[in-house]
**Student:** 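To start, I am sharing the structure in question, which I have written as structure tokens.
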Amino acid sequence: MSEPTEQPKLSDVLRDRREKLDRIRDSGIEPFPHEFSGREDIAEVRAAHEGLVAGIETESRHRVAGRIVARRGHGKACFLDLRDGSGRLQLHAREDLLGEEAYALLVNLDLGDIVGVEGTALATRRGELSLALDRWRLLAKSLRPPPDKFHGLEDTETRFRRRELDLIANEESRRIFRVRAATISEIRRWLDEHAYVEVETPVLQPLYGGALARPFTTHHNALDRDLYLRIATELYLKRLVVGGIDRVYELGKDFRNEGVSHKHNPEFTMLEWYEAYADYEKTAHDLELLVSEVAERVLGTTKVKRGEVEIDFAPPWRRITLREAILERAGIDIAEHPSREALAKAMGTEPDPTEGWGKLVDGLLSREVEPGLIQPTFILDYPVELSPFAKAHRSEEGLVERWEAFVGGVEIANSFSELNDPDEQRRRFEQQARESERGDEEAQPYDESFVEALEQGMPPTGGVGLGIDRLVMMLTGTASLREVLLFPAMKT
RNA sequence: GCCCCUGUAGCUCAGUCGGUUAGAGCGGCGGCCUUUUAAGCCGCGCGUCGCGGGUUCGAAUCCCGCCGGGGGCACCA
């Protein structure tokens, strides 16, 4: 695709465009000039003439640039739709204003070409703001046809593999990625305003940790050693809390070697933040505040339509313990079945040898409870087996102080009162080693330098992980993670 | 990894109980048109019917395999 010679059979459409390019060059016009300075965003032009009455022609001059997305010819005059990153503007090209030659060249352009133009603002008799052109210049020739101007681009594969075409064709895609950008920007701003310090920790790690997941492995040639792509930032960030950064966050990508689904992508954007002297009740309060304020700033409301239902992010979110939630949805009281065998019997299944009691509880949660959690909900207090980095519950035996937040049937965040007792942490790692021997490929490897950091003394701390892609999914009302990832993982 | 669906023009799609030269709209090319906006009118089809094999007088259509995509299951955040 990189060399023209690799395209032996150009379709006529492509050939026509190349021939046009040749003719433009032959006539002495540079089809790829270096700049077009002094232009305004189309949105600024629109703002300057808001409410202009139909039929009025002004003498207000404007210089704009963008892609030609539609053309409606009328002989010696013609309408073109120009689009830049800020919006769309109609251009009115008239032969008497441009001169015969410039007009003919302009009309001869292809949809998709990028031009810079100059002219005066007017409102047509239908009231459409337009620019009556007296000068124009080709800024970049387009050699491939744009997607259908009416149907847009609908083929899922092309939309994801050639996202640039999707963005050219589909306003909804452009909206989703603007919401995504604004969401990330407002989250940063919220954390910065609450005195959190943003940091960057290693993506390439000698040892992975901080979540239950399988990692990607890579190799460092000069050091001749294998490294892992991080599955979480948790352990490094807690070492920074030990170091005295009382409020710390990192916003970046994690990598997990798992399948792809409407809510999973092998690389995804995660926010983790830690607050010294806080517990999981404080982090729950902060999350509902953060999300509702971000929604308000990005969307102007805390309410989002998601299919038929309306989700409201306004606090307080519902809080229910994991035990109550499972009892409510599955009719099983996990506290009355404290062993693996008893719980499996209550569920009416045979326990898989690799599944402990905690895994069975986790299965009940994801199958029976999670799909029904549409409005924002905190599920509280998890089995210790599933949470090697969470502190034991202050009053409930066998549980830890942990919550997960769910919206639209999807988990969007996870938090706990962080375990800061180094000896207990060591025992949890040993438990993980036993899970690993039993065949659990997501069990955590022992991390001595992390335990040593805890031995240095970490204050009581509350920590949160928030899945940014999933949050954006909820804020945009989309059904698949792939809609909010510019370039989602694809086969090959 | 398993199951189901799917792949036709640059784009959106029709055509599939096997049968002339594979169709439409948009886009493109040529012509008319100075306030249109999916502009309009007249003319022109621009194609490896995903790829490879098979059955058949004859395959876009039936069979087998492969590749890509979607959905579901499993698994994970």
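Just so it is clear: chains get the letters A, B, ... in the order the sequence lines come, proteins before strands, and each one is counted from 1.
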**Student:** Could you measure between the two P atoms, the one in U12(B) and the one in C73(B), and give it in whole Å?
**Tutor:** 28 Å
**Student:** Given A77(B), U34(B), C75(B), identify the nucleotide with an atom nearest to the side chain of Phe268(A).
**Tutor:** A77(B)
**Student:** Distance check needed: G28(B) P versus Asp110(A) CG, whole Å only.
**Tutor:** 7 Å
**Student:** Under the salt bridge (Lys or Arg N to Asp or Glu O under 4.0 Å) rule, collect the residues that match up with Arg67(A), sequence neighbours excluded.
**Tutor:** none
**Student:** Tell whether Arg72(A) reaches the base of U36(B) with its side chain through a donor-acceptor pair below 3.5 angstrom.
**Tutor:** yes
**Student:** Starting at atom CZ of Arg88(A), determine the distance to atom C1' of U37(B), rounded to an integer number of angstrom.
**Tutor:** 7 Å
**Student:** Using the 3.5 Å cut-off, write out each protein N or O paired with an N or O of nucleotides 22-26 of chain B and the distance between them.
**Tutor:**
unit_1: G25(B); atom_1: N2; unit_2: Asp148(A); atom_2: OD2; d: 3.0
unit_1: C26(B); atom_1: O2; unit_2: Asp148(A); atom_2: OD2; d: 3.1

**Student:** Given C11(B), C29(B), G69(B), which nucleotide is nearest the side-chain atoms of Arg161(A)?
**Tutor:** G69(B)
**Student:** Could you tell me which nucleotide pairs with G40(B) by Watson-Crick or G-U wobble geometry, both distances under 3.5 Å, or answer none if nothing does?
**Tutor:** C32(B)
**Student:** Look at all strands and tell whether Glu57(A) reaches a base, only sugar-phosphate, or nothing, counting heavy atoms closer than 4.0 Å.
**Tutor:** base
**Student:** To the nearest 0.5 angstrom, please state how far the CZ atom of Arg63(A) sits from the CH2 atom of Trp136(A).
**Tutor:** 14.0 Å
**Student:** Suppose the criterion is salt bridge (charged side-chain N to carboxylate O under 4.0 Å, His left out): which pairs have a residue in residues 409-419 of chain A, not counting sequence neighbours?
**Tutor:** Lys238(A)-Glu418(A)
**Student:** Confirm from the modelled atom types if Glu128(A) and U36(B) form a donor-acceptor pair under 3.5 Å, side chain to base only.
**Tutor:** no
